[in-house]
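Small disclaimer: the values here were computed from a predicted structure and weren't measured. Every heavy atom of this structure was used, including side-chain atoms; hydrogens, water molecules and symmetry mates were not.
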Amino acid sequence: MVQIGFNLLTVGGFIDEAHLPLCERIREIGYDGVEIPVFEGDVGHYERLGRRLDAVGLKRTIVTIVAEDSNPLSPDAAIRRKARERHRWAVDCAAALDATVIAGPYHSPVGVFTGEGPREDELAHLAEALHLMAEHAGKAGIALSLEAINRFECYALNTMEAASALKAKVAHPNFGYMYDTFHANIEERDPVGAYSRYAPEINHIHLSENDRGIVGRGHVPWAQTFRAIRATGYDGWLTVEAFGRALPSLAAATRVWRDLFPDLDTLLVESHDFIRRGWAEAAAPAETGAA
């Protein structure tokens with residue numbers, strides 16, 4: 001049975017006890033879990049946070065990233081070692097939090113470019129790092145779900161086709177990748193078809209509107225998307241990802257220059273209700289000419 005989550009990057013890059021009232025509100029609205037950004041902090045912090053979220057009644061996934069000095073694509077062996085250390089740290093934090101999925105673009109630093117596409121040596125370095133990460137995460141019972149993001153945010157991994165090719169290079173059963181409706185809307189010629197084609201390898205889903213605001217207010221083809229997901233028997237997370245300006249460095253990297261929702265509660269309630277309704281409607285046979 002699918003579960004609905006909310007990515008807390010909307011409110012900040014470091015989640016602590018100050019965010020617990022918001023988490024209680026998220027649970028009250030009807031979400032099953034939260035996606036915790038793990039960008040900094042130690043294992044002890046996430047262990048304590050996990051216990052508090054247990055008390056709230058919210059399950060967890062995490063999202064994490066790498067930086068220029070921990071870039072697994074780098075030709076510098078010292079930087080690649082630091083990337084492996086950061087990957088291992090993220091797994092340890094996720095395990096402490098009792099999270100089930102590690103999502104995000106931890107293949108390369110967001111907003112960093114070389115002026116060309118990924119080279120074969122870069123992809124080989126990346127596959128080696130991700131194989132080690134998948135091995136470590138598998139021992140903790142945590143799935144890896146790497147995120148392909150659009151060409152304006154990275155050059156390493158932009159499409160489901162590229163993610164599938166990378167999965168073959170990683171060659172580890174605990175490694176998968178995610179589908180994000182925002183990025184697919186930019187990079188895939190047929191976003192819904194791309195999901196259906198690669199569904200057997202997709203193990204996490206972000207629901208994000210074309211403007212990264214409230215799910216359901218834009219032009220993502222939601223009815224077709226929900227039907228396609230249901231048709232594959234997917235039973236993982238449907239996680240809302242919207243972006244605000246709470247984390248200036250991420251807002252700059254993702255080019256968020258304006259407010260994309262009137263207030264946080266409207267974002268939470270409207271997105272949740274839209275997904276619950278859309279998911280239920282997708283179980284019914286499609287009507288002729290339906291959107």
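The aromatic ring centres of His272 and Tyr31 sit less than 6.0 Å apart. Ring pair His204/Tyr177: centre-to-centre distance not below 6.0 Å.
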Check step by step if side chain to side chain donor-acceptor pair (under 3.5 Å) holds for Thr239 and Asn7. CA-CA 7 Å; Thr239 297; Asn7 188 326; over 6 Å; no

Should Cys154 and His107 be marked as a side-chain contact (heavy atoms from CB on, under 4.5 Å) after you check the CA-CA gap, both sets of side-chain angles, and the distance that decides it? CA-CA 9 Å; Cys154 89; His107 45 70; 3.7 Å; yes

Begin from the C-alpha positions of Thr10 and Leu264 and carry the test side-chain contact (heavy atoms from CB on, under 4.5 Å) through to its verdict. CA-CA 9 Å; Thr10 306; Leu264 186 58; 4.1 Å; yes

Before you tell me yes or no, could you show the steps for Leu8 and His19 under side-chain contact (heavy atoms from CB on, under 4.5 Å), namely the whole-Å CA-CA distance, both residues' side-chain angles and the distance that decides it to 0.1 Å? CA-CA 9 Å; Leu8 289 173; His19 296 96; 5.7 Å; no

What verdict does the salt bridge (Lys or Arg N to Asp or Glu O under 4.0 Å) test give for Arg51 and Glu17, after you've listed the backbone C-alpha separation in whole Å, the side-chain angles of each residue and the deciding distance to 0.1 Å? CA-CA 11 Å; Arg51 289 196 297 267; Glu17 291 192 356; over 6 Å; no

Could you go step by step and tell me if Ile149 and Asp180 meet the side-chain contact (heavy atoms from CB on, under 4.5 Å) rule? CA-CA 8 Å; Ile149 62 177; Asp180 182 297; over 6 Å; no

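Side-chain polar atoms of Asn158 and His183 form no donor-acceptor pair below 3.5 angstrom. Under 3.5 Å, the side chains of His219 and Glu209 contain no donor-acceptor pair of N or O atoms.
A side-chain donor-acceptor contact under 3.5 Å links Arg80 to the backbone of Ser74. Judged by distance alone, with hydrogens and angles left aside, the side-chain atoms of Thr232 form a donor-acceptor pair with the main-chain N or O of Ile229 at under 3.5 Å. In this structure, the side chain of Ser271 does not engage the main chain of Leu268 through any donor-acceptor pair within 3.5 Å. Judged by distance alone, with hydrogens and angles left aside, the side-chain atoms of His87 form a donor-acceptor pair with the main-chain N or O of Tyr106 at under 3.5 Å.
Taken together through direct or relayed side-chain contacts under 4.5 Å among Ile, Leu, Val, Met, Phe, Trp and Tyr, Ile79 and Val110 form parts of separate hydrophobic clusters. Under the 4.5 Å side-chain heavy-atom criterion for grouping Ile, Leu, Val, Met, Phe, Trp and Tyr, Leu132 is not connected to Leu126 through any hydrophobic cluster. A chain of hydrophobic side-chain contacts below 4.5 Å, direct or via other Ile, Leu, Val, Met, Phe, Trp or Tyr residues, connects Val240 to Ile29. Leu238 and Tyr198 end up in the same hydrophobic cluster when Ile, Leu, Val, Met, Phe, Trp and Tyr side chains are linked at under 4.5 Å. No single ILVMFWY cluster, assembled from side-chain heavy atoms under 4.5 Å apart, contains both Val192 and Ile186.
Salt bridge annotation for Arg217-Glu270: present, with a cationic side-chain nitrogen under 4.0 angstrom from a carboxylate oxygen. Using a 4.0 Å cut-off between charged nitrogen and carboxylate oxygen, Arg151 and Glu187 count as a salt-bridge pair. Under a 4.0 Å N-O distance rule, the pair Arg25/Glu28 qualifies as a salt bridge. A salt bridge does not link Arg52 to Asp16: none of the charged nitrogens lies less than 4.0 Å from a carboxylate oxygen. Salt-bridge annotation for Glu122 and Arg119: present, with a side-chain N of the basic residue lying under 4.0 Å from a carboxylate O of the acidic one. Under the 4.0 Å criterion applied to side-chain N and carboxylate O atoms, Lys169 and Glu120 are assigned as salt-bridge partners. One finds no salt bridge joining Arg86 and Glu40 here, because no Lys/Arg side-chain nitrogen approaches an Asp/Glu carboxylate oxygen to under 4.0 Å.
Between Asn185 and Pro191 the shortest heavy-atom distance is CA-CG, 4.2 Å. When all heavy atoms are compared, the tightest approach of Ile275 to Phe226 is CA-CZ, 4.1 Å. A pairwise comparison of heavy atoms in His206 and Glu35 identifies NE2-OE2, 2.6 Å as the closest pair. The two residues Ala137 and Leu144 come nearest to each other via the heavy atoms CB-CD2, 3.8 Å. Considering every non-hydrogen atom in both Ser208 and Val220, the closest pair reads O-CG2, 3.9 Å. Ser108 and Ala156 get closest at one heavy-atom pair: OG-CB, 3.6 Å.
Side-chain contact between Val63 and Leu9 is present, with heavy atoms from C-beta onward closer than 4.5 Å. Counting heavy atoms from C-beta outward, Met133 and Val91 have side chains that approach closer than 4.5 Å. Within the 4.5 Å cutoff, the side chain of Ile4 has no heavy atoms near those of the Trp237 side chain. With a 4.5 Å cut-off on side-chain heavy atoms, Phe175 and Leu146 count as touching. Put simply, the side chain of Tyr46 does not reach to within 4.5 Å of the side chain of Asp98, judged on heavy atoms. For the pair Leu207/Phe182, no side-chain contact is recorded, criterion being any heavy-atom separation below 4.5 Å from C-beta on. Looking at Val66 and Pro72, their side chains come closer than 4.5 Å, going by heavy atoms from C-beta outward. In this structure the side chain of Ile214 reaches within 4.5 angstrom of the side chain of Pro262, judged on heavy atoms.
Between the CG atom in Leu53 and the CG atom in Leu20 there is a gap of 6.0 Å [rounded to 0.5 Å]. Asn174 CG to Asn203 CG: the interatomic distance, rounded to the nearest 0.5 Å, is 8.5 Å. Considering CG of Leu97 and NE2 of His45, their distance stands at 8.5 Å, rounded to 0.5 Å. One finds the CD1 atom of Ile205 at 8.5 Å from the OH atom of Tyr179 (value rounded to the nearest 0.5 Å). The CD1 atom of Ile62 sits 11.5 Å away from the OG atom of Ser145 when rounded to the nearest 0.5 Å. Ile102 contributes atom CD1, which lies 10.0 Å from atom OG1 of Thr61 (distance to the nearest 0.5 angstrom).
Under a cut-off of 6.0 angstrom, the local environment of CZ in Arg276 is crowded, with over 12 non-hydrogen atoms contributed by other residues, nucleotides or ligands. At most 12 heavy atoms of other shown residues, nucleotides or ligands fall within 6.0 angstrom of atom CD in Glu68. More than 12 heavy atoms of other residues, nucleotides or ligands shown are found within 6.0 angstrom of CZ on Arg230.
The aromatic rings of Tyr195 and Tyr234 sit perpendicular to each other, their planes meeting at more than 60°, with 30° as the lower class boundary. Between Phe113 and Tyr155, the ring-plane angle classifies as tilted under the 30° and 60° cut-offs.
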